[in-house]
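Proteins get letters first, then strands, A, B, ... in listed order; numbering begins at 1 in each. From a predicted model like this one, the values you see are computed outputs, not experimental measurements.
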Amino acid sequence: MRTLPSDFYARPVLEVARELIGCVVEHRPAGGGEPLTSGVIVETEAYHDSEPACHAFVGLTPRTRILFGPPGRAYVYRSYGIHALLNAVCEPEGVGAAVLIRALQPLAGIEAMRARRSPLGVAMRDEELCSGPGKLTQALGIELTENGGDLYNGPVRIRPRESAWLEPTILTGTRIGITKAVELPWRFCVADNRNVSRPRPSEK
DNA sequence: CATGGGATTGACT
DNA sequence: GTCAATCCCATGC
């Protein structure tokens with residue numbers, strides 16, 4: 001099956017953030033012991049080295065090397081010491097920019113997601129599995145080892161929109177959880193989708 | 001080498 | 001509404 005080529009990511013990060021809505025993220029764990037998990041992207045945020053909320057704002061460091069590298073790679077970093085957050089590196093090489101994948105609508109491997117998200121078997125609705133950037137990486141089993149992997153052939157891949165998602169209704173809002181450049185409307189969500197994280201733009 | 005700050009989540013008041 | 005968990009890394013001495 002087809003994956004998005006690196007050209008797709010080598011464009012202005014705001015365009016890519018909007019167009020990634022409706023596309024499908026999948027993770028096939030190495031070794032094949034664990035099942036494939038996937039979900040439709042329903043929420044994204046854009047980050048660019050020209051604004052201080054972006055990690056790349058500080059310039060080229062060991063941490064930001066991936067952000068400034070070729071487009072179409074995964075940038076995965078540890079947040080608050082606990083969560084792994086998944087980004088797609090965008091813009092041409094030399095520009096530090098990425099799209100944060102913030103929420104998915106679960107598609108394949110839902111029982112595996114449930115097992116990862118609730119090891120003790122506590123009941124969890126489908127729309128609780130991937131409704132946040134830390135939740136979706138936990139559900140798909142994505143860890144820091146995926147940092148730098150390419151998104152068209154690597155263990156984490158992104159596929160184009162399928163027919164039911166060709167024209168999603170997209171709401172725009174301000175980004176969540178940041179303290180700098182809070183006013184930029186660089187968050188994109190599917191309207192009326194229960195998998196979008198809180199606060200939903202429609203509720204704001 | 002020491003320090004401080006998160007692109008979050010879940011539990012609890 | 002508040003708050004702690006916990007680790008990576010940028011910064012500054």
Student: Roughly, in whole Å, what's the span from CZ in A/Phe57 to P in B/dG5?
Tutor: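 These atoms are roughly 18 Å apart.
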Student: By the 4.0 Å heavy-atom rule, please label A/Leu100 as base, sugar-phosphate, or nothing.
Tutor: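 Since a base atom lies under 4.0 Å of A/Leu100, the category is base.
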Student: What's the closest nucleotide to the side chain of A/Ile82 if the choices are C/dT6, C/dA10, C/dC8?
Tutor: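 For the A/Ile82 side chain, the nearest candidate turns out to be C/dT6.
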Student: How close or far is atom P of B/dA7 from atom CG of A/Leu20, stated in whole angstroms?
Tutor: 21 Å
Student: Map A/Leu86 and A/Arg117 onto DNA chain B by nearest heavy atom, then report which one ends up closer to the 5' terminus.
Tutor: A/Leu86
Student: Calculate the interatomic distance between A/Asp49 atom CG and B/dA7 atom C1'; express it in whole Å.
Tutor: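 After rounding, the gap between these two atoms is 16 Å.
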Student: Kindly say whether A/Gly154 contributes a backbone atom to a donor-acceptor pair with the side chain of A/Arg157 at under 3.5 angstrom?
Tutor: yes
Student: Can you check the A/Ile176 CD1 to B/dT8 C1' distance for me, whole Å?
Tutor: 12 Å
Student: Do A/Leu151 and A/Leu4 have side chains that approach each other closer than 4.5 Å (heavy atoms only, starting at C-beta)?
Tutor: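 No, side chains not in contact.
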Student: Less than 5.5 Å between centroids and less than 30° between ring planes, does A/Tyr80 satisfy that with C/dA5?
Tutor: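 No, A/Tyr80 does not stack on the base of C/dA5, since the centre distance and plane angle fail the 5.5 Å and 30° test.
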Student: If each of A/Met124 and A/Gly177 is mapped to the nucleotide of DNA chain B with the nearest heavy atom, which maps nearer the 5' terminus, i.e. the 5' end?
Tutor: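 Nearest nucleotide further toward 5': that of A/Gly177.
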Student: Which residue, A/Leu144 or A/His83, contacts DNA chain C at a nucleotide closer to its 5' end, judged by nearest heavy atom?
Tutor: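 Closer to the 5' end of DNA chain C: A/His83.
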Student: Check the phosphate of C/dA10 against A/Thr61, side-chain N and O only, distance under 4.0 Å to OP1 or OP2. Yes or no?
Tutor: yes
Student: To the nearest Å, give me how far apart CD (A/Gln138) and C1' (B/dT8) are.
Tutor: 11 Å
Student: Using modelled atom types only, decide if a donor and an acceptor are shared between the side chain of A/Ser79 and the backbone of A/Leu85 within a distance under 3.5 Å.
Tutor: no
Student: NZ of A/Lys135 versus C1' of B/dA11: gap in Å, rounded?
Tutor: 13 Å
Student: Counting Watson-Crick and G-U wobble pairs only, both distances under 3.5 Å, name the nucleotide matched with C/dT6, or none.
Tutor: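 Because no pair has both required distances under 3.5 Å, C/dT6 counts as unpaired.
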Student: Among the nucleotides C/dC7, B/dT9, B/dA7, which one has an atom lying closest to any side-chain atom of A/Arg78?
Tutor: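 Among C/dC7, B/dT9, B/dA7, the one nearest the side chain of A/Arg78 is C/dC7.
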Student: Sort out for me which residue in A/Arg117, A/His83, A/Arg116 forms a side-chain hydrogen bond (donor to acceptor under 3.5 Å, both in side chains) with A/Gln138.
Tutor: A/Arg117
Student: Is the shortest side-chain N to carboxylate O distance from A/Arg78 to A/Glu143 below 4.0 Å?
Tutor: yes
Student: What is the distance from CD1 of A/Ile66 to P of C/dC9, rounded to the nearest Å?
Tutor: 11 Å
Student: Return the value, rounded to whole Å, for the distance between atom CG of A/Leu120 and atom C1' of B/dA11.
Tutor: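 Checked: the CG to C1' distance equals 14 Å.
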Student: Of the nucleotides C/dA5, C/dT11, B/dG10, which has the atom closest to the A/Val58 side chain?
Tutor: C/dT11
Student: Whom does C/dG12 pair with, Watson-Crick or G-U wobble, provided both distances fall under 3.5 Å?
Tutor: B/dC1
